[in-house]
Each structure stands twice: as C-alpha cells, then as structure tokens.
Amino acid sequence: MCAKVPGEKRLRQIKELEVEKLDADLRQASLKRTRNIYLFVGIVVIGLAGGLWSRLRYVHRSRAPPSSTKRTSVKACYTTSCLKKWLRN
C-alpha cells in the first residue's frame, strides 16, 4: 500500500499541472481574441475617419467657387445679358 501513495501523489500532481496548463492556454486564447477584436475595431475606426476626411475635402472643394474659370468666363462675356446670367450663378 505504501507504493500506491507516492504514485497517487504523482498522478494528482500531473493532473493539477495539466489543469493549470489548460487554464493558462484558455487565458492566453482569451487575451489573443480580445487583442484581435480591439485591433479590428481600431482599423475600422481609422478607415472611417479617413473616408470622412476624404469626403469633407471633396465637399469643401466642390462648394468653393472656381476662381480661374469665372475670370475667363467674364472675359468671354461681351454682352450684358451674358454678364447678368454669370452674376446670378
């Protein structure tokens, strides 16, 4: 019977080590999953910010009056009706 006691202790220690290893693996997998989620969300936020910035620049440029085009169109308008039409726009 004395021979079984040290063997049982060893088996118990082996089982405890296996449980600890599985627990550590589970913790590590959970941390990796959380990291990947935060990384994905960060990339999406940066992409959205870049898209909104691009859209803002486009809208700003489209609303700005094209000064060089209007200057040439004024030179091309010789009649007052053409000038009045240009001033309305």
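A quick note: this is a predicted structure, and the numbers were derived from the prediction, not measured.
The only member of Glu20, Glu16, Lys15 that meets side-chain contact (heavy atoms from CB on, under 4.5 Å) when paired with Glu18 is Lys15.
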Chi angles and distances behind the side chain to side chain contact (heavy atoms under 4.5 Å, CB included) call for Arg27, Asp23: CA-CA 6 Å; Arg27 234 180 293 128; Asp23 188 41; 2.7 Å; yes
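Taking hydrophobic clusters as Ile, Leu, Val, Met, Phe, Trp and Tyr residues chained together by side-chain heavy-atom distances below 4.5 Å, Leu48 shares a cluster with Phe40.
Between Leu17 atom CG and Leu22 atom CG the span is 11.0 Å, to the nearest 0.5 Å.
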Can you give each donor-acceptor pair under 3.5 Å made by side-chain atoms of residues 55-63, sequence neighbours left out, with the distance rounded to 0.1 Å?
{"from": "Ser62", "atom 1": "OG", "to": "Tyr58", "atom 2": "O", "distance (Å)": "3.4"}
{"from": "Ser62", "atom 1": "OG", "to": "Val59", "atom 2": "O", "distance (Å)": "2.9"}

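Side-chain N or O atoms of Ser54 include none that pairs as donor or acceptor with a backbone N or O of Gly50 at under 3.5 Å.
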